[in-house]
2 protein chains.
Amino acid sequence: MRNRNTTEGLRHHNRALVLQSLRRIGPSSHTEIAEVSALASGTVSVITAELFEEGALLKQEQPPSKGRGRPRVLLTLNPEFARLAFIHIISGEVEYSLINYNNVLLDRFKVLRHGSETDAAAFGTQVRRDLFRLAERSGLAPHDIAHISIATKGLVGGGGTKLMWSPVFGDSQIDFQALLRPDWAGKVTVNNETCFSAHAKLEEAGRFARHHAVLSLGDSIGLGIASRDRNGQTTYQAPPFGHMLHMPDGPLCRCGVQGCIEAYSGFYGILRSAFDAPADHIPAKFIPKDQMDQLASKARQGDQMIRFAFRQAADVLAMGLSRLMTIHGPMPVTIAGPGLSYFDLMEEQFKMHLEKNLRIRVSHMPQISIETNERRLIFASNTKVSLAAFDGDCVATRLVDRPKSA
Amino acid sequence: MRNRNTTEGLRHHNRALVLQSLRRIGPSSHTEIAEVSALASGTVSVITAELFEEGALLKQEQPPSKGRGRPRVLLTLNPEFARLAFIHIISGEVEYSLINYNNVLLDRFKVLRHGSETDAAAFGTQVRRDLFRLAERSGLAPHDIAHISIATKGLVGGGGTKLMWSPVFGDSQIDFQALLRPDWAGKVTVNNETCFSAHAKLEEAGRFARHHAVLSLGDSIGLGIASRDRNGQTTYQAPPFGHMLHMPDGPLCRCGVQGCIEAYSGFYGILRSAFDAPADHIPAKFIPKDQMDQLASKARQGDQMIRFAFRQAADVLAMGLSRLMTIHGPMPVTIAGPGLSYFDLMEEQFKMHLEKNLRIRVSHMPQISIETNERRLIFASNTKVSLAAFDGDCVATRLVDRPKSA
DNA sequence: AGCCTTTTTTTCGAGACTCGAATTGACTTG
DNA sequence: CAAGTCAATTCGAGTCTCGAAAAAAAGGCT
């Protein structure tokens with residue numbers, strides 16, 4: 001929004017409002033948009049006409065009419081108006097997706113990664129190559145892609161453009177914006193994947209939910225928090241929860257210090273304490289899921305040592321959540337990730353620790369739920385967020401010339 | 001702001017902008033306001049004329065003119081336009097203050113509290129009585145007071161109107177809004193005092209500072225965090241940091257659970273470990289400052305046991321800050337409160353724990369500073385925040401009738 | 001003293017935007 | 001095929017901002 005205090009700024013705001021309504025309620029008539037956006041019908045008329053002129057909207061044939069009167073003309077977002085690319089960096093693979101302006105998946109492929117690949121620069125050039133392939137496969141030039149949004153594990157910084165630290169590349173930072181700038185005209189953003197999970201869950205929870213956290217369990221620990229501020233705007237963050245201090249001089253973490261939450265509750269942490277391995281020994285970067293499953297089934301059969309390892313993992317996570325809620329207040333938490341399979345071994349610890357928390361005692365016990373398909377959630381939310389950003393930044397800005405008086 | 005998407009909403013926004021500029025730069029001419037607010041001079045002219053009409057502004061005689069040309073007319077906020085009341089609840093006393101619309105102190109008095117007074121209802125009626133006295137002393141009726149803002153220790157909730165938990169009244173909540181509603185027409189807000197300290201420090205740090213925390217040490221531990229969001233708006237919060245979990249099964253805290261930060265680092269926690277008292281024994285609600293001073297001087301003279309108690313207090317605080325910064329990112333911290341006198345015994349622990357933090361490792365070590373006059377800070381910031389809220393909520397809303405065409 | 005210069009403030013016309021009533025359009029029903 | 005119904009557009013009135021032009025209020029100059 002360029003100039004907030006001028007009438008043009010007002011129009012910008014209202015154009016954004018129209019687009020936003022259209023995304024939320026899908027193809028809809030004039031009247032519906034006016035209702036949802038709380039704009040006068042005349043205003044909606046002018047704005048939609050502009051957007052149609054600019055190519056952002058299409059008028060859709062009305063569905064077989066029901067009832068009498070003039071049938072409604074459905075307005076939809078023009079799929080051809082723009083394309084957005086998405087990269088999801090997962091442990092074993094990188095997923096590339098392309099969508100159109102109306103949020104329909106156009107193309108998708110995955111590139112496997114060698115477990116040994118920890119060279120950030122090499123990874124960067126690989127990503128550039130694969131992104132070119134994504135564009136080419138749909139016959140697009142780089143400048144046809146309006147926005148590239150990357151979801152990854154790890155700590156993101158630099159205003160949402162840099163990967164500052166990650167379990168795979170460690171301190172080797174990757175500045176994706178700089179990496180892609182030379183060829184790709186669109187905006188480039190990077191976010192921790194759990195930001196998107198949390199965002200999706202908050203939206204799901206309805207317009208009055210204020211916060212939601214998603215805790216993703218696996219080789220490493222991810223946490224995303226989505227919040228709605230008092231203007232109704234949603235913000236999100238993904239603090240490196242797995243590397244929050246649990247206890248000084250605790251077991252060694254992959255990040256190099258002792259006593260991080262992950263060192264207790266990441267897969268390798270659980271494995272280590274299950275076998276009573278030395279606390280400064282880090283087993284492996286990735287623990288096969290099979291191995292963890294076997295461990296869990298022994299715990300379920302009553303193996304005390306292993307049972308203890310899972311319970312300790314849960315204790316530490318729960319205390320971390322308690323500390324988080326001391327700062328942010330109680331909020332619902334959704335558990336996700338491969339470690340979710342072992343949630344039955346950990347569930348009761350959560351309640352136990354949380355109910356001691358002062359803020360929870362004076363208000364309420366937050367709901368703890370689970371989510372089995374986090375990946376779907378991440379993609380769905382990433383597209384939503386990116387499209388909304390593109391709408392607000394670009395589409396809402398007036399393009400066509402105003403009708404001259406002549 | 002009532003309706004964001006109409007031209008009247010725009011005017012509301014710009015009126016607020018003018019008032020805000022005037023508060024920031026003090027009595028200023030037309031031209032200056034136009035520069036600071038980035039509004040066209042004509043617009044400022046109309047808005048200031050309106051505000052003058054409504055009584056919010058005064059035109060001030062120009063100072064002895066220097067240079068030629070038409071002398072500037074200084075505009076100032078009309079002191080008589082409104083009065084705001086402030087209540088600061090401190091351990092031993094309650095301070096009542098009254099200011100005018102131009103932020104000048106009109107009246108102030110203190111009411112001593114008996115240390116034994118822990119009855120929330122009685123306290124409530126006492127506050128009402130004293131507030132009446134504040135109004136009367138200046139010949140005001142209750143409805144002349146536009147806003148009442150309360151600063152206190154403890155956990156505030158209910159949208160900034162309720163004291164949810166406090167060291168003095170424990171779980172006996174006080175809903176100040178409900179308490180004062182019958183007689184007092186103005187808005188009533190309650191905030192933790194350290195919110196205001198943090199707010200003041202953030203403002204001090206300049207327009208580009210994003211976060212600031214104030215840690216207040218004493219019988220209890222207070223923490224305020226102020227943040228600037230991407231729109232430049234400042235928000236603040238005061239999580240009950242003293243009751244964040246440090247370690248399970250740790251020493252008993254006044255709040256009833258074990259292992260809170262305060263149980264290690266509040267005055268009573270330090271005292272307890274200095275004398276190796278049982279960890280479930282809580283010495284007293286208020287420890288005389290003398291006693292703590294004596295303790296500290298023994299520590300400085302080399303008493304190992306006492307020295308350990310202070311260092312442990314610092315360790316626990318520092319780890320708490322580290323956990324906080326894992327969530328919010330590194331931010332400068334200011335230490336304040338009576339416990340500041342012992343900061344020399346604790347300083348090095350802070351750096352030691354913080355530098356292990358992942359987010360600090362990948363970005364920077366935050367500055368740690370001290371503030372000896374927190375009370376002044378709290379009041380100054382409280383008045384600023386409350387006046388700004390009053391401006392935005394009330395004054396910016398158009399009052400005078402528009403000139404009718406007739 | 002009277003006129004010119006300089007600087008500030010106000011005024012005013014043009015352009016933009018929203019609102020809501022009135023009008024136009026399109027389709028169903030009788 | 002006319003009347004009825006509902007949707008979308010148009011249009012006039014009312015607001016608002018902007019910026020140029022005019023007015024106001026000094027000091028300086030002759």
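Computation of the quantities below employed the complete heavy-atom set of this structure, encompassing side-chain atoms and omitting hydrogens, waters and symmetry-equivalent molecules. Because the structure is a prediction, the values reported are computed rather than measured. A, B, ... follow the sequence lines: proteins, then strands. Residue 1 opens every chain.
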Measure from the side-chain heavy atoms of [X] and tell me the nearest of [options].
X       : options                : answer
A/Arg70 : C/dT18, C/dA16, D/dC6  : D/dC6
B/Lys59 : D/dC18, C/dT10, D/dA8  : C/dT10
A/Arg11 : C/dT18, D/dC16, C/dC19 : C/dT18
A/Arg72 : D/dT15, C/dA16, D/dA8  : D/dA8
B/Glu8  : D/dC16, C/dC19, C/dT9  : D/dC16

Considering heavy-atom distances to DNA chain D, does B/Thr43 or A/Gly42 have its closest nucleotide positioned more toward the 5' end?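 Whichever sits nearer the 5' end wins; that is A/Gly42.
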Find which nucleotide of DNA chain D each of A/Thr6 and A/Ser41 is nearest to by heavy atoms, and output the residue with the more 5' nucleotide.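 Mapping each residue to its closest nucleotide by heavy atoms, the 5'-most match is A/Ser41.
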[X] [atom1] to [N] [atom2], straight-line distance once rounded to whole Å:
X        : N      : atom1 : atom2 : answer
B/Glu50  : C/dT10 : CD    : C1'   : 15 Å
B/Ile33  : C/dT8  : CD1   : P     : 14 Å
B/His30  : D/dA23 : NE2   : C1'   : 14 Å
B/Glu35  : C/dT7  : CD    : P     : 14 Å
B/Arg398 : D/dT17 : CZ    : C1'   : 13 Å
A/Leu39  : C/dG20 : CG    : P     : 11 Å
A/Leu10  : D/dT15 : CG    : P     : 15 Å
A/Asn14  : D/dC16 : CG    : P     : 16 Å

Would you say [X] places a side-chain N or O within less than 4.0 Å of OP1 or OP2 belonging to [N]?
X       : N      : value
A/Thr31 : D/dA8  : yes
B/Thr7  : D/dC16 : no
B/Ser29 : C/dT8  : no

Least distance between heavy atoms, B/Leu105 atom then B/Phe379 atom: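 The pair with the smallest heavy-atom distance is CD1-CZ, 3.9 Å.
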Kindly assign one of parallel, tilted or perpendicular to the pair B/His199 and B/Tyr236, based on the angle between their ring planes and the thresholds 30° and 60°.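 Ring orientation, 0 to 90° scale: perpendicular.
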Any idea how B/Tyr101 and B/Phe390 line up, ring-wise: parallel (<30°), tilted (30 to 60°), or perpendicular (>60°)? perpendicular
With the threshold set at 4.0 Å, does a side-chain nitrogen-carboxylate oxygen contact exist between B/Arg11 and B/Glu8?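 B/Glu8 and B/Arg11: not salt-bridged.
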With distance as the sole criterion, is a donor-acceptor pair present between the side chains of B/His30 and B/Ser41 under 3.5 Å?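 No.
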Looking at every strand, decide which applies to B/Ser45 at a 4.0 Å heavy-atom threshold: base, sugar-phosphate, or nothing. base
So NE2 of A/His212 and CG of A/Leu202: to nearest 0.5 Å the spacing works out to 8.0 Å
Of A/Gly69 and A/Val46, whose nearest nucleotide on DNA chain C comes first from the 5' end? A/Val46
Do B/Arg68 side-chain and C/dT7 base share a donor-acceptor contact under 3.5 Å?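 Such a pair does not exist between side chain and base.
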